Amino acid sequence: MFLEFEKEVEHVLTEALEKASYDYKELEAGLDLEESEHADIASRIAFSLARTYKKPPEIIAEDIVNHLEIPSKNTLISNVVAAGPYINFYVNDFFLHKTLQRIKEVIEPTEEKKGKIIIEHTSANPDGPLHIGHLRNAIIGDVLVRVLKRAGYDVETHFFVNDMGRQIGVVVWGAERIAFDETKKTDHAVADVYIAANRLVEENSEFLKDVESLMRKYEAGDEAVVKKYEAVVKKCLSGIQASLQRLNIRHDLFVWESEFVRGGAVEEVIEELKQKGNIKFGGSGSALLLQLEGIEKELVIQRTDGTSLYTTRDLAYHRWKSNRLSPYRACGVVGQSPTDRVIDVFGKDHELVSQQLAKALEILGVNAPEFVIFEFVSLPTGSLSTRAGRYISADELMEKIEARAYEEVDKRRKDLDKDKKHEIARKVGIGALRYDMVKVSQDKHIVFDFEEALDIEKKGAPFIQYSHARACSILKAAEERDYVIMDDYDASLLREESEVELIKKLAKFKYVIESASSELKPHLVAKYARELAESFNLFYKDCPVLNAEDELRKARMVLVDCAKTVLSNILNVLGIEAPEEM
RNA sequence: GGGCUCGUGGCUUAGCUUGGAUAAAGCACCGGCCUUCUAAGCCGGGGAUCGCGGGUUCGAAUCCCGCCGAGUCCGCCA
């Protein structure tokens, strides 16, 4: 409901500005609306106008408010006041009532479809298990997927499988000499072979030639080699998928990069770049270098031996993605629809590559994707490396955090049976992990501290889950007393400050989803979820529900029900399960 | 060396894009609250020259320049 309120504020403010003959259209800051602790929405426009009209902002604010009229009917605004240079707008009872109504009505957001989005995330090399660095990628990506779906997009999620890289060649080579440990989870077994094989290859350059020969054969489509590759990659991928599933993450499509080589798409891209791009031959050999505008470093698109590189395969993949979007052929224009988007979630190390990718795609006539770049996760001992065996696997982390969560559940709920406690521990543990990763802004470097990560008690997610469980518990107790949630409640009875604050917070759900989806910042969702839980807890403390007198109880039950709905929705957007009891 | 990012109470962070109302939270610390719907909760308290220095502005955590510190990239790797 907040968005509607904002829209009305814009409307009445614009009218007042016109009536008072202020020329606001040229102002850079526009109406300069902001959320504020002093009002439900505040405008700072008087500051900007003060400059143009050479009058104190206080006077201008006062003048605007004098010209401002709140509609007599169907308005969401109760009051507007000039507080010094600020113009403060406040919501009315109708706004509060409508907010609850809206939450009760909307079961699933089936509003206007905004378009299609293809989002790629995680895309870890199939040479070992996911580690905590991939975890950040996966969780940021997955929350974005959920946010975008909520915002009304038709979202398709991709995992780009890097099956042609040197590291996979090393694993395939190694698998012929070293047996997989069949007792281990498959992706971990692959990592063991990779690490061991890599050591051998580093010690002996003859082995490196074997690996390169394997790579050439794979690229050429040698049947026997393809089979070996597929076996290894699938083995690793099945382990990775199991970890993702445990994290509540799923991809719609796993796209193998080799498809683009063998299907001829990479060749087409290279040919087209040769024609349309500024191509040079590289130093000693005949490698193809593509010069890109505004980027100092040229992009190598083909090796001297004629084989392809990751970036070229990625180019082919992106062109293919763009063709998967809804064809937009109106007025004879062919291309992706303006509402469609392609999003890639990449680590900071891919920043330069992503710029090169965007420029090269431009040459190919393909719209550049949007990049969500996140900073690195490192260990106190240094950066992560699968090859060096220096990483903490997602599996190990999940294992330990669930165990720790179990201890906490066990401490508090002696009454529950083991299975139930395990179920709650799983929800709390994975939730805590996900929340931890997503709450930090993407462009902040994280130094991962294992002990701290396991400290369930001071996590954000359980706090939010707990307030949801509290709401459930009230509703359950209500049911036992045969209290039913009614439609004929009186929202105007909800007068306590904590009640009003909670409703206002509930009203911001859509607004937060919109911001997070347009700015591609999932941490905004995490922040809102925490604030919402806090508002609910304040209400919980202040306002008895079941023991309130009849009419008030009816209204409060509706509020609790709405809070539960929104809490469970926001947890769902975060990919965190909402337990009914804890 | 060059590019990009980050630097906010003891610790982890939000705010920075679009400059404005006492710099906002969590954790930790100190003190208080369970005979009323789950205390994984609530209330109170102390604690910040917003890395340092300059500049722009009526006004800077926010914009610009310089410096320092951390990360990352600058591969015929992915």
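Predicted model, so just to flag it, every value in this text is computed and none were measured. Just so we're on the same page: letters track the sequence lines, and every chain starts at 1. What you see below is based on every heavy atom in this structure, not just the backbone, and it leaves out hydrogens, waters and symmetry mates.
Among the nucleotides C73(B), G41(B), U5(B), the one closest to any side-chain atom of Leu352(A) is C73(B). Here U5(B) is the nucleotide among C42(B), A14(B), U5(B) with the atom lying nearest to any side-chain atom of Asp443(A). Of the candidate nucleotides C73(B), U5(B), A40(B), A40(B) has the atom lying nearest to any side-chain atom of Pro462(A). Considering only side-chain atoms of Val300(A), the nucleotide from C76(B), A25(B), C73(B) that sits closest is C76(B). Considering only the side chain of Glu375(A), G71(B) comes nearest among U12(B), G71(B), A21(B). Picking from G20(B), C37(B), A40(B) the nucleotide with the shortest atom distance to the side chain of Leu546(A) gives C37(B). Distance from the side chain of Ala477(A) is smallest for C37(B) among the nucleotides C37(B), G20(B), C76(B).
For Arg51(A) and G59(B), a side-chain-to-base donor-acceptor distance below 3.5 Å is present, hydrogens and geometry of angles not being considered. Scanning atom types as modelled, no donor and acceptor separated by under 3.5 angstrom connect the side chain of Asn537(A) and the base of A40(B). Evaluation of atom-type donor-acceptor distances gives a pair under 3.5 Å for the side chain of Ser36(A) against the base of A21(B).
Within a 6.0 Å sphere centred on NZ of Lys217(A), heavy atoms belonging to other residues, nucleotides or ligands number 12 at most.
A stacking contact links Tyr86(A) to A21(B): the aromatic ring centre lies within less than 5.5 Å of the base's six-membered ring centre, and the planes differ by less than 30°. Taking the 5.5 Å centre cut-off and the 30° plane limit, the aromatic side chain of Phe376(A) is not classed as stacked on G71(B).
Salt bridge annotation for Lys505(A)-Glu534(A): absent, with no cationic side-chain nitrogen under 4.0 angstrom from a carboxylate oxygen. Glu581(A) has no carboxylate O lying under 4.0 Å from a charged side-chain N of Lys421(A), or vice versa, which leaves the two without a salt bridge. Note on Lys508(A) versus Glu35(A): salt bridge recorded, some NZ/NE/NH1/NH2 to OD/OE distance being below 4.0 Å.
With respect to Asp344(A), the side-chain hydrogen bond (donor to acceptor under 3.5 Å, both in side chains) criterion is satisfied by exactly one of His158(A), His350(A), His318(A): His318(A).
The phosphate of A14(B) (OP1 or OP2) has a side-chain N or O of Lys444(A) nearer than 4.0 angstrom.
For G71(B) and C29(B), the P atoms lie 30 Å apart once the distance is rounded to whole Å.
In C34(B) the O4'-C1'-N dihedral to the base is within 90° of 0, which defines a syn nucleotide.
Within the shown strands, nothing qualifies as a pairing partner of U17(B) under the Watson-Crick or G-U definition with both distances less than 3.5 Å. With a cut-off of 3.5 Å on both Watson-Crick or G-U wobble distances, the partner of G1(B) is given as C74(B). Partner assigned to G47(B) is none, using Watson-Crick or G-U wobble distances below 3.5 angstrom.
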